[in-house]
Q: 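Dumping the structure here so I can ask a few things about it.
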Amino acid sequence: MNIHEYQAKEIFRAAGIPIPPGDVATTPAEAESIARKFGGTVVVKAQVHAGGRGKAGGVKLAKTPDEAREVAERILALTIKGLPVKKVLVTPAADIATEAYTGVIVDRASKRAVFMVSPAGGIDIEEVAAKTPEKILRHSVDPRYGLQTYEAMQLGFFLYSDVKQARAAAKIMQQLYSAFISSGGSLAEINPLVTTPAGVVVALDAKMVIDDNELDRRPEIAALRDESSEDPSEVDARNANLTFIKLDGNVGCVVNGAGLAMATMDLVKYYGGDPANFLDIGGSSNPEKVVAALRIITSDPSVKAILFNIFGGITRTDDVANGIVTATKLNPLKVPIVIRLTGTNEETALKILQENSFSAMTDMDEAVKKAVALATGGKAA
Amino acid sequence: MNIHEYQAKEIFRAAGIPIPPGDVATTPAEAESIARKFGGTVVVKAQVHAGGRGKAGGVKLAKTPDEAREVAERILALTIKGLPVKKVLVTPAADIATEAYTGVIVDRASKRAVFMVSPAGGIDIEEVAAKTPEKILRHSVDPRYGLQTYEAMQLGFFLYSDVKQARAAAKIMQQLYSAFISSGGSLAEINPLVTTPAGVVVALDAKMVIDDNELDRRPEIAALRDESSEDPSEVDARNANLTFIKLDGNVGCVVNGAGLAMATMDLVKYYGGDPANFLDIGGSSNPEKVVAALRIITSDPSVKAILFNIFGGITRTDDVANGIVTATKLNPLKVPIVIRLTGTNEETALKILQENSFSAMTDMDEAVKKAVALATGGKAA
Amino acid sequence: MSIFIDCDTRLLVQGITGRDGSFHARQMIEYGTQVVGGVTPGKGGQKFDGKVPIFNTVEQAVRETGVNSTVIYVPPMFAADAMMEAADAGIPFIVCITEGVPVLDMTKVYPFVREKGARLLGPNCPGLISPGMSKVGIIPGGICKPGPIGLVSRSGTLTYEVVFQMTRADMGQTTCVGIGGDPINGTNFIDCLAAFEADPQTKAVVMIGEIGGTDEQEAAVFVKKNMTKPVVGFIAGQTAPPGRRMGHAGAIISGSAGTAAEKMEAFEANGIGVAKRPIDVVELLRNR
Amino acid sequence: MSIFIDCDTRLLVQGITGRDGSFHARQMIEYGTQVVGGVTPGKGGQKFDGKVPIFNTVEQAVRETGVNSTVIYVPPMFAADAMMEAADAGIPFIVCITEGVPVLDMTKVYPFVREKGARLLGPNCPGLISPGMSKVGIIPGGICKPGPIGLVSRSGTLTYEVVFQMTRADMGQTTCVGIGGDPINGTNFIDCLAAFEADPQTKAVVMIGEIGGTDEQEAAVFVKKNMTKPVVGFIAGQTAPPGRRMGHAGAIISGSAGTAAEKMEAFEANGIGVAKRPIDVVELLRNR
């Protein structure tokens, strides 16, 4: 789960990390009054779950409250990478002497949380990694001991030669690690970590991604979810316990299991079609999930055919068949549907479908070919 | 450092452990009004750093507020193992179905925190260990992982066969462990951990000992120290950075280093005397420490002779000599003094002493023999 | 022969009275797996389906039944504790089916299990099956048959699909192992490949990977260096967009790393036959 | 010969610019110890007394100087971190002089140092000296002389007393080791006894214990079982009252355990000569 910059800043601040003040506005007038409260030049920053805000015009300086209002108005009208901007963060502009990067992620190779720090901050860290790898220090944290002071100091000295700044950075890294762990993060990032002309180390930005699997035991973090800033169809899917990702194609796919879902999409492409989505109905099926899946998929006007690919194991194929029947009675389909079912309770499922005038197949390749043909009007192979 | 029951209960409560309410009184009138507030029968418990409170008459039931006042008056007049009772805890009397013991200590053999739990609570755990060792389960906690739920459940099931009670106890043990770690404990104990007739698991008593070495980084714990309930001479010593323990003998000892201090006491005994104290002036000596040491020792009327035994290493013997001169100028000695000095700056030290009419020796055995002879009027060997 | 489980597997089921645990315990017993005990705190002393003794703790179960493997079907928030409990009790082979285990939990479980000397399979995996001998987990027994092919996969239903097509083509399996789709898991491709290489009955190996991480690439190098048996592979997620988690917590393309194309190239470069479609696995096996 | 340190010891001093660190660094250099580097964060690049290079981190010091031992003189709240830093940087022998290290810190340092394969001496110890070769810590060099006796002790100044009396009686030492008075420390009596047994130059060993714990009792059993060389011992604290901490965090009689009498009996029972007074050590050595 992505959270907004202002939310990540609250978490970091609570962990003790020095972060300049800032308030959130949802209207230009609010932005103006916040700017007036702070006085001086402010930065107005789009709060949106997308990278590259700056390049998209989502981060602007404003010298006066009036200018803050104007700038906020422009930013609140933006849509960045398909996501509308609903909130802006207004924060006093800081004088910056140096910009560094510091972040921690869960790394699958070392099976640990790994810090990455670089004195070359403010820009895309992957670019730094690619072009000047010597400017990045990676350090994996032993989860049994946590980030020790000496380790944090090694990272701090990589950023700053001044011992006071190195100590300040080390402390921030220990605080970042503890915020990361206690929030159930999969990423926590400060970019840039700056020094002011007076030499003080301050976090100017904050980013955090939470492991969805942590949310059940962290209601206070789960409450940070901002559904207004997500794709509505993905919100709908999540609330129905489906994993759904919208794509640009014309064949809507409903599959059980993530691997089979990806393989089905690949096969659609292989036979000349384009998958309209990734959709995994998960292991323990029930008819309601299928109903939700069909509702979400059919709301996409570019879907020209629907493909079910179900390999019953834990999933009962008769549940899926019942779901298809229920859903299509509620909302009759406007596009053709191809159903492939095999495995647990296959015979019952096929019977249910036949009784309701659906035909079904048991071979995956044949089903995919047919769905692609229907979606493309027979133009693909 | 010992803390009082009511202080340990506050720490445990903050960690989430279920503990009945209770308030502290320093006067009988306060105890009466607390008893009135709670209503019903209360327990009045002496808050004192000594075991065996119950046997010494320091824990009493009171059925009415009047009785609470009377009982508090008697308890506040007590001196238990040499320590005056200055405070009582007044708490509603609980109905008890079963009594268990649970505690955690730092164990030198396993080099870990070790839990000890027993369904035979309410009495001295060392007695249970000696007579019915099968009624105690010991479990050492891997400090790298902490007390896992499954470990706590094993302990919980050792106390209770009912799964709800086992789970409640397991949770209490995880909370106790976290209180223990975050307070810098060397012991944390709940005895008894009771079940009520309704089956609820509750901590009725609380004991905690803090590692003195933790206090520098835990000011909120250090603030719990109650000097009024300690031996005044030991408080004086601690404030002068001396390690001092009062004993019953007649030879006052001032030594540098704990091992040498113990060996000196042993040698006093060996030659027929009785050490009046353990006193270690520590590694980095300064004249002020010596002045404080002499003040503390001479305030004990049973001291008949004073013995200095200093082996200079980090300790500079001239510092010690200067301290002796300064202290005796301030408060002329009323008992004889024997000084043994050797090591760092020995020559300077001897010169300072001679100039001030002190004699000094370099052999430990000779010095101890002489001190014993002076203390006993020559009656010992 | 087989890898990890066989006729001597004596299995414990952690969470045996839960919805998934009880269903699959019955399925495993029906398949012929020796399920010798179950764990559900508070139900110690009872029997599951009147036959299998239930214990309050894994430690008791180990003491009283002599299990040598365990399978975990407990809710995600309790799975880490269950894995550690099993490892601490000395069980040498631990299979965790549970999906949704927090990754930070796994950063602690992983070193713990290693310190205790146990092998962990999963979490978020379908388990494994040695057809005709034993099944541990949730792979449907009916789609498998005994034979000479070893299979290892990061996926669940995609594995069933491939096994189903192999069985239809009369290609039986020594063992089918699902290692799971999480970023941190106990057993990886290389562990299974090495075991298949060492198993005399296994004549060829199928490897089913997906986008995310570099496990398949490392496994490919391992195959070239250490394996004498033919290996064929399939990678799911050729059409997956970067930066989006494709269901599995581990199936995510980070930046330009972990794509299907990269993995397929690694397969090709190291002598692993690459199936374009799941069904192609069968043809590739025939030609090796 | 000697144990743990000798002429090849290349020493790092952590906290070299502090009050204690700088004083004892000079003492060690004067004694002849090869002090090849120091660590004080923020003073990296400077030189101590114009000669010894100072580094910001232990890792840098190890990389640039090839130290093989380190001694720690940092305040108690930073000592655990310093020990772990040294172990993590790969230094195989770590001596921590600092007194007052929280015991819970040591419960973490102990497994960490072991995992890294390092030997830790201390904390709260005077260090060690191999007379004529090298000294690491704070034992006054002047009271020692080379010779055939090994000495291991939980105490500081009491050790000096015994060494002083041995030297006066012309009994020189291979190595004098102070293991420290804390309840959890890195090196115990048995570690040192085994090393002395293996050291061909050591002909007899002196062991100085004190009240608290059971280390001396276990060491006594070890002596009987594993040592061919004569051992004599002294225990401080015969007059100590139970339940009171006698200065050292570890010197406390808990219940009826850890008394001097118990330890002296264990010595007697296992063939270790028991000195009633410190001076008796000399006589006992003479008679062995």
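What you see below is based on every heavy atom in this structure, not just the backbone, and it leaves out hydrogens, waters and symmetry mates. Values in this document were obtained by computation on a predicted structure and should not be read as measured data. Numbered from 1 within each chain, the chains take letters A, B, ... in sequence-line order.
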Q: How far apart are the closest heavy atoms of C:Thr239 and A:Met262, and which atoms are they?
A: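 C:Thr239 and A:Met262 have their closest heavy atoms at OG1-O, 4.4 Å.
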Q: Tell me which of these, A:Met265, A:Arg112, A:Arg217, has more heavy-atom pairs under 4.5 Å with chain C than the rest.
A: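 Result: the option with the highest number of such pairs is A:Arg217.
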Q: Ignoring hydrogens, what is the shortest heavy-atom contact between C:Ala236 and A:Gly259? Give both atom names and the distance.
A: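 Taking every non-hydrogen atom into account, CB-O, 3.7 Å.
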Q: Given a strict heavy-atom distance threshold of 4.5 Å, which part of C:Tyr160 is in contact with chain A: side chain, backbone, both, or neither?
A: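 Contact with chain A involves both backbone and side-chain atoms of C:Tyr160.
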Q: Just so I understand: if I count every heavy-atom pair under 4.5 Å between each of C:Phe112, C:Phe23, C:Phe164 and chain A, which residue has the most?
A: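 When all of C:Phe112, C:Phe23, C:Phe164 are compared, C:Phe164 has the most.
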Q: For atom CZ of C:Arg114, decide whether the heavy atoms of other residues, nucleotides or ligands shown that lie under 6.0 angstrom number more than 12.
A: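 No, not enclosed.
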Q: Does any backbone or side-chain atom of C:Arg154 lie under 4.5 Å from a heavy atom of chain A? Answer side chain, backbone, both or neither.
A: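 Contact with chain A: side chain only.
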Q: Report the option among C:Gln165, C:Gln27, C:Glu115 that has the most heavy-atom pairs separated by less than 4.5 Å from atoms of chain A.
A: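 Max contact count across the listed options: C:Glu115.
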Q: Please report the interatomic distance CG(A:Asp363) to CD1(C:Ile279), rounded to the nearest 0.5 Å.
A: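 A:Asp363 CG to C:Ile279 CD1: 7.0 Å, rounded to 0.5 Å.
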Q: Could you tell me whether the side chains of C:Thr157 and A:Asn256 share a donor-acceptor contact shorter than 3.5 Å?
A: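 Judged by distance alone, the side chains do not pair up.
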Q: Please round to the nearest 0.5 Å and tell me the distance separating atom OG of A:Ser186 and atom CD1 of C:Ile252.
A: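 Atom-to-atom, A:Ser186:OG and C:Ile252:CD1 are 8.0 Å apart.
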Q: Looking at chain A, which one of C:Pro140, C:Ala251, C:Gly213 has the largest number of heavy-atom pairs inside 4.5 Å, strictly under?
A: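 Sorted descending by pairs with chain A, the first entry is C:Gly213.
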Q: Under a 4.5 Å heavy-atom cutoff, which of C:Ala240, C:Gly212, C:Ser153, C:Ala260 has the most pairs with chain A?
A: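 The residue among C:Ala240, C:Gly212, C:Ser153, C:Ala260 with the greatest pair count is C:Gly212.
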Q: Need one label for A:Glu127: side chain, backbone, both or neither, based on atoms under 4.5 Å from any heavy atom in chain C.
A: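 Neither; nothing under 4.5 Å.
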Q: Can you tell me how far apart CZ (A:Phe311) and CD (C:Glu161) are? Round to the nearest 0.5 Å.
A: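 One finds 6.0 Å between CZ of A:Phe311 and CD of C:Glu161.
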Q: First locate atom CD1 of A:Ile181, then atom CG of C:Leu104, and finally report the distance between them rounded to the nearest 0.5 Å.
A: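 If I round to the nearest 0.5 Å, the distance is 4.5 Å.
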Q: Mind checking what makes salt bridge (Lys or Arg N to Asp or Glu O under 4.0 Å) contact with A:Arg138, not counting sequence neighbours?
A: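 Listed in chain order: A:Asp107.
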Q: Considering only heavy atoms, which portion of C:Pro111 lies under 4.5 Å from any heavy atom of chain A: side chain, backbone, both, or neither?
A: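 Answer is side chain: those atoms of C:Pro111 sit under 4.5 Å from chain A.
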Q: Would you compute the distance between atom CG of A:Asn213 and atom CE of C:Met77 and round it to the nearest 0.5 angstrom?
A: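 Answer rounded to 0.5 Å: 6.5 Å.
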Q: For A:Asp266 and C:Ile235, work out which heavy atoms get closest and say how close.
A: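 Looks like OD2-O, 3.9 Å.
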Q: Shortest non-hydrogen contact from A:Asp365 to C:Arg277?
A: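 Heavy atoms of A:Asp365 and C:Arg277 come nearest at OD2-NH1, 3.1 Å.
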Q: Is it the side chain or the backbone of A:Thr342 that comes within 4.5 Å of chain C heavy atoms, both, or neither?
A: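 Answer is side chain: those atoms of A:Thr342 sit under 4.5 Å from chain C.
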Q: Quick check for you: to the nearest 0.5 Å, what is the distance between A:Arg108 atom CZ and C:Asp182 atom CG?
A: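 Reported value, rounded in 0.5 Å steps: 9.0 Å.
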Q: Assess whether a salt bridge exists between A:Asp142 and C:Lys108, defined as any Lys/Arg side-chain N lying under 4.0 Å from an Asp/Glu carboxylate O.
A: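 No, A:Asp142 and C:Lys108 are not salt-bridged.
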Q: Chain A heavy atoms under 4.5 Å from C:Glu210: which part of the residue, side chain, backbone, both or neither?
A: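 Contact with chain A: side chain only.
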